[in-house]
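Below is one structure. I have some questions about it.
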Amino acid sequence: MRKPIIVGNWKMNKTNVEAKEFIVEIESYLNGNENAEYGIAAPYTCVKTCVDNAKNLLIAGENVHFEDNGAFTGEVSVPMIEELGVTHCIIGHSERREMFNETDETVNKKIKKLFKSSNIIPILCIGETLTQFEEGKTEEVIRTQLKNALVDVCGECASKLVIAYEPIWAIGTGKSATIEIAQNSCAIVRDEIKNLYGTEVASKVRVQYGGSVKPENIKEYLAQEDIDGALIGGASLKVESFKAIIDATK
Ligand code: PEP
């Protein structure tokens with residue numbers, strides 16, 4: 001039985017003061033709720049504040065470099081974020097792929113680095129553009145991105161992965177994928193993991209849907225066989241809407 005994992009992605013939002021207020025409020029609202037794992041991916045400037053105030057909430061990074069140290073101005077490394085206390089780290093978010101030259105190759109390096117040097121679980125983001133969707137290439141894109149991201153990643157590591165299927169056309173647009181599209185795509189993710197690692201690993205890996213998830217639609221996504229959680233941008237920024245998401249998953 002896979003436990004759902006719901007992660008808010010704050011992107012480049014929230015000061016330390018705002019982060020503390022949010023985490024404290026959500027922690028008291030969770031009050032030992034164990035229906036799902038709940039987490040927040042926060043900007044590194046406020047990760048420590050989040051970790052210090054979190055009890056049950058998982059705190060994630062939004063990106064990490066694959067080298068331990070060196071001349072990489074503005075980047076942070078795995079030992080650095082491990083010291084901060086993050087349990088998860090988003091890798092390959094489409095915004096990083098589109099705006100910051102993230103490629104399947106750097107995604108693969110980052111995933112290997114996280115597994116080799118830390119206990120931090122990658123939240124691997126994949127998903128097609130609107131053009132690829134319209135051209136019927138979703139399945140091909142999902143399978144290719146997964147294969148490339150997981151080169152030389154062992155089965156034991158892969159079974160711990162969280163994979164976020166996020167159609168790019170649904171991110172931040174308010175235009176969420178239909179339940180059917182989301183379930184079909186998440187099933188393709190699991191099938192590709194089965195091709196790469198076999199049935200047991202495929203049955204353990206958790207697959208999230210992401211793209212305009214909100215309190216009104218999360219329940220239906222989570223009811224699908226191959227959807228084990230959600231990665232949530234906009235609706236994770238306000239305490240009230242994150243509380244409503246928690247309510248919808250009770
Ligand atoms: C995201 O940032 O991963 C995301 C899914 O954003 P939104 O929920 O705002 O579409």
Side-chain angles (χ1 to χ4, degrees), residues 4-14 18-19 22 26 36-44 46-47 50 57-64 86-100 102 107 110-111 121-130 132-133 138 141-142 145-146 149 161-179 181-186 189 206-222 224 226-249:
I5 176 163
I6 319 286
V7 178
N9 175 16
W10 280 353
K11 312 190 186 194
M12 196 175 72
N13 290 290
K14 297 211 185 286
E18 291 163 345
F22 184 104
I26 295 298
E37 289 179 12
Y38 300 93
I40 291 292
Y44 283 116
C46 66
V47 159
C50 292
L57 273 171
L58 306 168
I59 304 302
E62 297 180 8
N63 177 40
V64 73
V86 303
T87 55
H88 293 69
C89 186
I90 295 177
I91 300 293
H93 192 279
S94 61
E95 285 154 14
R96 296 218 57 89
R97 291 181 192 252
E98 290 198 320
M99 292 185 269
F100 301 99
E102 188 84 83
V107 165
K110 291 174 181 192
I111 288 178
I121 307 290
I123 301 173
L124 163 62
C125 296
I126 55 164
E128 79 284 2
T129 62
L130 180 60
Q132 289 166 331
F133 172 72
T138 301
V141 171
I142 289 174
Q145 285 184 339
L146 277 178
L161 271 177
V162 177
I163 301 173
Y165 165 68
E166 301 204 297
I168 296 172
W169 47 270
I171 297 180
T173 58
K175 195 178 144 199
S176 48
T178 63
I179 303 297
I181 290 173
Q183 160 57 25
N184 281 348
S185 297
C186 290
V189 171
R206 287 187 290 178
V207 184
Q208 297 174 315
Y209 166 72
S212 300
V213 173
K214 34 190 181 260
E216 303 80 53
N217 61 18
I218 190 166
K219 212 177 184 123
E220 225 183 323
Y221 286 121
L222 293 187
Q224 305 308 305
D226 289 293
I227 303 182
D228 310 310
L231 187 57
I232 306 167
S236 73
L237 287 174
K238 294 218 165 77
V239 166
E240 286 318 314
S241 110
F242 204 70
K243 280 184 180 172
I245 281 167
I246 294 169
D247 288 343
T249 56

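All values below were derived from every heavy atom in this structure, side-chain atoms included, with hydrogens, water molecules and symmetry-related copies excluded. Ligands are counted one by one from 1 in listed order, and the atoms in each one are counted from 1 as well.
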**Message:** So, using salt bridge (Lys or Arg N to Asp or Glu O under 4.0 Å) as the criterion, who are the partners of Lys14 when residues are at least two apart?
**Reply:** none
**Partner residues of Arg206 under the salt bridge (Lys or Arg N to Asp or Glu O under 4.0 Å) criterion, sequence neighbours left out** = Glu37
**Complete:** In terms of heavy-atom contacts, Ile26 and Val239 come closest through CD1-O, 4.0 Å
**Asked** Once the angle between the rings of Tyr38 and Phe242 is folded into 0 to 90°, is it parallel (under 30°), tilted (30 to 60°) or perpendicular (over 60°)?
**Response** perpendicular
**Request:** Using heavy atoms and a cut-off under 4.0 Å, could you grab the residues that are in contact with ligand 1, chain by chain, numbers ascending?
**Result:** Asn9, Lys11, His93, Glu166, Ala170, Ile171, Gly172, Gly210, Gly211, Ser212, Leu231, Ile232, Gly233, Gly234
**Message:** Could you work out, with salt bridge (Lys or Arg N to Asp or Glu O under 4.0 Å) as the rule, every residue matching Glu102, not counting sequence neighbours?
**Reply:** Lys110
**Prompt:** So, Trp169 and Glu128: side-chain donor and acceptor under 3.5 Å apart, yes or no?
**Reply:** yes
